[in-house]
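Below: the structure, in structure tokens.
We use all heavy atoms of the structure for the numbers below, so side chains are in, but hydrogens, waters and symmetry mates are not.
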Amino acid sequence: MQKKFLITTAMEKTWKYDQPSLFLGNWCKIYSEKNIWNKLNHQTLSYHWDDVQKLQKDYIYLKNLSEKIIKNLVQVLNEIHDEKYSEKYWKIYLGHWLNCFIQILFDRWEIVQKAFSENAFSNTIVLKINVSEMVPLGIENFIDIIHQDKWNHFIFSKIIETIPFKNAINIEYIDDLKNDNYVRVKLHRKNLNRRIIVFLSNIFNPLIKLVRKNEKYLICESYLGKFSEMKLNLSLGLFPLSLSPDQIFLCEPNKELRNKIKFNFEAENNFEKFLRKIIPTLIPMSYLENYKKISNATSKLNWPKKPEAIFTSHFINNKTIPSKYTAEKKENGTKLIHGQHGGAYGQCLFHWYEEFERDISDFYLTWGWEDNKDKKLIPFGILKPINIYKKIKKIKKKTKLLFVIRPKERYSATALDSRVRSHQLLEYHQNCLKIARKLNFKIRSENLVIRLHERKYGWCEEELWSDEFPEITIDKGYKPIIEILKKTKLVVYTYNATGYLELLAANIPVIIFCPTDKNPLREQAIPYFEELKKSKIFHETTESVSEHLNKIWNEIDEWWNKKDVQNVRKKFCQKYAKYDSKKIENLKNIILNTGKTYN
């Protein structure tokens, strides 16, 4: 077997150009740099999670492993911080990070394992990276760094340096790059309205804190939209708006403190041995060095001191201080009402965020679907505001065909569900191009708009589309999607997420493209998608999408308003995007009757 040079990431300073190479995945091959990597004598490793059965099996294994590890962490962190908190407290506070971290590390481990089992290697280049630069400040910072090349190079390197891999390759160490594009701490852009609200809140903080300390409920990041959230707050006699804090505490890792993290579970394989060693190194500082500062910041929030209930749909997964606040209050008897956060919930074969949110909450508001085994679930209906979509439906003379493209990281960087990810996104983008390729030229050149997302992860979507179709319009995603929808006759959602549910609920013509062999559904959802498929709303092949678009383009309303199509749409929405005309009133009753059965 010919030996190859191993390339782990897109960092070209760690490549060699004079010998056969293996790229660990499509994340190495940045489209804008194709003139460079195309010249290499190279192969690309296939992705271990292309095997959906393996993905599901690994998902179950990793969930169980996480449960085993968090039981250890509860003991260790309580002892370090002189606390007596329950497992539920720590699960709310750090559960998202822990599960995501374990799943990401396992993904990278399996990639390396597959590479070494199928290939022989001569050597690889490893950067001498300062470990402290890789340690996240908190969950927000963790989310920002895990999709970056340098962080992933570090992780791959640490795996390769372990037994048995290090004995099968020569590792060449070089100094860290001085001018790479790694961003340790990213300051997120706030819109003008947010900046004004934050400014006023800071000025009047003492007064707001005094007014709110005895309020019975906290409603924040509910997914209702600011106006509806204010309306709900006022109906309950609460301060109209709660801002979710996003403070950053800069710090450096304390090695002595981290050495106190000792796991007593028995490692069953080499991966678990590796994990046991690296968790103390890379656990975010919000759970160690900055824990006291965050506790202090939490105590100073201008939020209720002893709320009876908290209602949110978002902040626990992605915000350090709000998750700490929720964990503390729930420890003291506060009820947590959690709303479904977006699409794919209740549909994916498995979905970690859904399962986590259901686990930590006392009541869980779905957008219509039920689970008879889980009494927490309330089939409430779609939380997001859709009236604005209903208004644009009345606009005449629309001419555009809108393709909505999925934003997704090159490296697997979110907790697992049964949708495609990482390496697989290249095939996804190629399938989207195939659909456009088969459209009638007039439709493509005069009507097609490609909607990208403002978040960019290195797939170079704009260049990818403009190189093949210089005639089409590309929307870079920085303006609200509502602006382009005002001009759109038909929307094609190229992935399973929130947007198509909003459009279906608003009765705006939409087509969904999402092959279920790559994105498997749970058993209860399959009949509903089969009906969408028969009505040509849901498609699993590129040929089916383009053929249907070419056929109906001049008579979209005739197709969309057919009785059978509308009946299928209504049935699907009743299950997954139910519209509640008395949403605020019904939410108020749920919150007021927390602890009672909701009918």
Side-chain angles (χ1 to χ4, degrees), residues 85-86 88-89 91-93 95-96 139-140 194 197-198 200-202 204-247 294-341 356-365 376 378 380 383-385 583-596 598:
Y85 284 129
S86 68
K88 182 70 76 175
Y89 165 91
K91 188 175 285 187
I92 292 171
Y93 186 38
H96 177 212
I139 187 64
E140 301 92 336
R194 170 82 181 184
I197 293 171
V198 169
L200 294 174
S201 178
N202 289 336
F204 295 105
N205 185 60
L207 179 60
I208 295 170
K209 192 174 180 179
L210 182 65
V211 170
R212 302 201 61 194
K213 68 176 182 179
N214 294 321
E215 288 185 340
K216 290 185 175 181
Y217 313 108
L218 172 70
I219 300 166
C220 185
E221 296 192 19
S222 61
Y223 231 26
L224 293 169
K226 285 289 184 285
F227 176 76
S228 293
E229 189 168 298
M230 290 173 69
K231 189 176 177 182
L232 177 60
N233 273 310
L234 291 170
S235 74
L236 289 162
L238 306 175
F239 193 78
L241 196 61
S242 295
L243 288 180
S244 180
D246 51 7
Q247 288 174 267
I294 288 163
S295 295
N296 186 48
T298 303
S299 69
K300 293 180 179 179
L301 282 174
N302 59 15
W303 287 0
K305 293 300 178 184
K306 296 180 180 179
E308 292 180 12
I310 296 169
F311 172 42
T312 185
S313 297
H314 186 251
F315 66 49
I316 291 173
N317 281 334
N318 299 324
K319 301 283 182 72
T320 295
I321 294 175
S323 63
K324 179 76 164 60
Y325 172 90
T326 305
E328 288 180 2
K329 301 311 172 189
K330 208 164 154 25
E331 194 81 351
N332 294 319
T334 298
K335 300 295 183 182
L336 175 59
I337 304 168
H338 205 291
Q340 174 181 328
H341 178 67
F356 174 69
E357 291 162 13
R358 289 169 63 173
D359 178 42
I360 63 173
S361 62
D362 296 284
F363 298 94
Y364 192 74
L365 309 184
K376 295 180 182 179
I378 300 173
F380 180 80
L383 290 167
K384 293 198 74 176
K583 180 166 56 177
I584 301 302
E585 181 182 337
N586 288 332
L587 278 171
K588 177 183 175 181
N589 289 334
I590 291 172
I591 294 168
L592 288 173
N593 291 287
T594 301
K596 300 178 182 179
Y598 173 74

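- Between His338 and Tyr364, the two ring planes are parallel [angle under 30°; tilted spans 30° to 60°].
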Problem set entry | Pair Ile378-Ile337, side-chain contact (heavy atoms from CB on, under 4.5 Å): steps then yes or no | CA-CA 10 Å; Ile378 300 173; Ile337 304 168; over 6 Å; no
For this session: Could you give me the CA-CA distance, side-chain angles and deciding distance for Thr326 and Ile360, then say whether side-chain contact (heavy atoms from CB on, under 4.5 Å) is met?
Result: CA-CA 10 Å; Thr326 305; Ile360 63 173; over 6 Å; no
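- In terms of the side chain to side chain donor-acceptor pair (under 3.5 Å) criterion, residue partners of Glu331 (sequence neighbours excluded) are, by chain and number, Ser86.
- A 6.0 Å sphere centred on NZ of Lys231 holds no more than 12 heavy atoms belonging to other residues, nucleotides or ligands.
- A donor-acceptor pair under 3.5 Å is formed between the side chain of Glu140 and the backbone N or O of Thr320.
- Other residues, nucleotides and ligands contribute more than 12 heavy atoms inside 6.0 Å of the NZ atom of Lys376.
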Exercise. What's the verdict on side-chain contact (heavy atoms from CB on, under 4.5 Å) for Leu301 and Tyr325, showing C-alpha distance, side-chain angles and the deciding distance?
Worked result: CA-CA 9 Å; Leu301 282 174; Tyr325 172 90; 3.9 Å; yes
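- Side-chain atoms of Glu215 come within 3.5 Å of backbone N or O of Phe239 as a donor-acceptor pair.
- No donor-acceptor pair under 3.5 Å is formed between the side chain of Lys329 and the backbone N or O of Ala309.
- The closest side-chain donor-acceptor pair between Lys88 and Tyr93, if any, does not fall under 3.5 angstrom.
- Partners of Asn214 according to the side chain to side chain contact (heavy atoms under 4.5 Å, CB included) rule, which considers only residues two or more places apart in sequence or in another chain, do not exist here.
- Atom NZ of Lys305 has more than 12 neighbouring heavy atoms from other residues, nucleotides or ligands inside a 6.0 Å radius.
- Every residue two or more places apart in sequence or in another chain was checked for a side chain to side chain donor-acceptor pair (under 3.5 Å) with Thr312, and none qualifies.
- In this structure a side-chain-to-backbone donor-acceptor pair under 3.5 Å is present from Thr334 to Pro307.
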For this session: Mind running side chain to side chain donor-acceptor pair (under 3.5 Å) on Lys319 and Ser244 for me, showing each step along the way?
Result: CA-CA 8 Å; Lys319 301 283 182 72; Ser244 180; 3.2 Å; yes
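- Ile316 contributes atom CD1, which lies 7.5 Å from atom OG of Ser323 (distance to the nearest 0.5 angstrom).
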For this session: Start with the C-alpha gap between His341 and Asn317, add the side-chain angles, then the distance that decides, and say whether side-chain contact (heavy atoms from CB on, under 4.5 Å) holds.
Result: CA-CA 10 Å; His341 178 67; Asn317 281 334; 5.8 Å; no
